[in-house]
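Chain letters run A, B, ... following the sequence lines, proteins first, then strands; residues in each count from 1.
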Amino acid sequence: MITIIQITLKGIFRDRVFQGIMALAVLFLFIPSAASLSMRQVTELSITLSLSLISFILLLLAVFLGSTSLWKDMERRYTFSVLSLPVSRTSYLLGRFFGLALFLLMTSALLGTVAGLVIKVASGIYPPGRPIVWSYLLLAVIFATLKYILLVAAAMLLSTVSTSFFLPVFGTICTFLASGITQQVYEFVHSPASANTISPFLKTVATGVYYILPNLSGFDLKVNAIYSIPPSGYGLGLTLFYFISYTAMLLGGAALLFARREMK
Amino acid sequence: MNSLRFPAGLTIAGLLIYLMLIGPFTSFMKNKPLVEKLGYMPSVNVLRSLSGDQKELAGASLVMKVLMYFGGIVGKAQEGRVISEPPDLQGMSRLLHGAVKLDPYNIDAYYFAQSFLTWDARQFKVANALLDYGMKYRTWDWYLPFFAGFNSAYFLKDYAKASEYYKKAGELSGQDLHRSLAGRYMQEAGQTELAIAYLSAIEKGENNPAMKKNYQIRLYAFRELHRIELACDRFRNEQGIMPVSVAQLQQQGYLDPEPVDPYGGRFYIDSSGKVKTTSKFAFATKNK
């Protein structure tokens, strides 16, 4: 499995998609000047922009690498030669996943460091209203990374059942968009205001969908990092275990489907 | 060779048309009516869903949009031109209200909305409702009650409410200024001083050059007004009667040099003896 992780990492660094996406990191250079347009929250705006950029880069990487990794192997028929080696399909799949996860961690460590420098510069232009709490910033980056690792697992699950890359790519994007609003929908259908407008059946369906789809809004700690608001430790713990359990389910499902899949 | 003629011709033709068009196109975009520039604001719920995990970014970009728009108008006004079209204050307010729904902590939105909703749009209640909403989130921030206190005292003349806000601002900031504001200026007579104290405080913390200039102009106008008020008081003390006009103060040597309203208005003394200006502390617009 370690070998597959290494191969995955090497493959990503050679990938054009990766290089193109990482070119976006050049935008970090413009953050201090963009943030200085703010009236009263230059530092806060620079944190917003930095975290957003990290999040956006990780999203692109997760969607494209996560959903093309398996598909490319199958398309190029590498899977034949790999699976003829004494490697189980499950460990091949997990190796791919951990390789991608490790890669996302490395990327966010790098981008996080750059963001730290950028924020430091911006806070020199105009001191923040409240002192920056660097540990909240770190937490925000870590949880954003976990979120996209979970998304990689979702992409892999989708690519085990699909023969093209359309389903994984667009399926992952849809999952991502839906996962951000499920909490809102859930709260709306359970609010007293909706009791008259929404039928009980729809309410049950919406609740069911809420439990099935990943809920990624808990991973968003941007507000805490930007405005130095202490996050709840209990919530972080719950979110962490949510991540572990949900990713385990996705990977388990992916491995089961992948094991049964017929390779042409 | 022949096969290249067509693509080369196509490229050149395209380039020529592009060069002819780019001038008019750029000037069209530049002179587009301002309302169109501010753009359409989708429903906040849609925006919140679409922005995914980027709500803070979406909020900040709405604020930036309004700021750029308003900054452009103020810039024109400062060049001495009369604004050809009144700023779309309603649209600005809508965008900023949307911004704080996306990111209820964004101080720029409150700060900016408070500034134009009061002085320009004269929607004091809307401004204070927005500030009240912000106070629920920015529980550490003394600026919001400080603004709300000023609005209550200066515009709404609700001194009880203003004291409450100023007390809150004083508790949060630990500065005596706000505590003393709660008591000292809560009367009609101290209005100008109150405005000067308020404007100096916000001018000092302003980072954006266009907005800073905006506050400096307003502050200058109030300082001029204050100078006339002091001259009035001196006149009354020495002569025992109220002066009837600003010109009278000047002729008799109470006021030198001549006061200038940076907004292009004219200072006058109304029938109750209060000094006012025809500009009402805002740049003139043609439609008014």
Checking [X] against chain B: side chain, backbone, both or neither under 4.5 Å from a heavy atom?
X: A:V223; answer: both
X: A:F56; answer: both
X: A:I226; answer: side chain

Please classify the contact between [X] and chain A as side chain, backbone, both or neither, with a heavy-atom cut-off of under 4.5 Å.
X: B:Y111; value: side chain
X: B:D141; value: neither
X: B:F112; value: both
X: B:I107; value: both

query = Is the side chain of A:S67 donor-acceptor paired with the backbone N or O of A:A155 at a distance under 3.5 Å, no angle test?
reply =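 Such a contact is absent between A:S67 side chain and A:A155 backbone.
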message = Using only atom types and a distance under 3.5 Å, with no angle test, would you say the side chain of B:E56 pairs donor to acceptor with the backbone of A:T48?
response = no
Distance flag, aromatic centroids of B:F150 and B:F146, threshold under 6.0 Å =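 No, the ring of B:F146 stays outside the 6.0 Å limit from the ring of B:F150, centre to centre.
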message = Please verify the inter-ring angle class for A:F170 with A:F166; under 30° counts as parallel, over 60° as perpendicular, anything in between as tilted.
response =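 Rings of A:F170 and A:F166: parallel, under 30°.
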ask   = How are the rings of B:F124 and B:F155 set relative to one another: parallel (under 30°), tilted (30 to 60°) or perpendicular (over 60°)?
value =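 Answer is parallel, since the angle falls under 30°.
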ask   = Minimum heavy-atom separation for B:P104 to B:Y110, with atom names?
value = O-OH, 2.8 Å
inquiry  = Between B:Y137 and B:N106, do the side chains contain a donor N or O and an acceptor N or O under 3.5 Å apart?
reply    =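 No donor-acceptor contact under 3.5 Å links the two side chains.
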task = Would you mind telling me which of A:L59, A:L49, A:I229 has the largest number of heavy-atom pairs within less than 4.5 Å of chain B?
result =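 Highest number of pairs under 4.5 Å: A:I229.
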Option that, when pairs with chain B are counted at under 4.5 Å, heavy atom only, ranks first among A:S55, A:S52, A:A34, A:A178 =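 Ranked by heavy-atom pairs under 4.5 Å with chain B, first place is A:S52.
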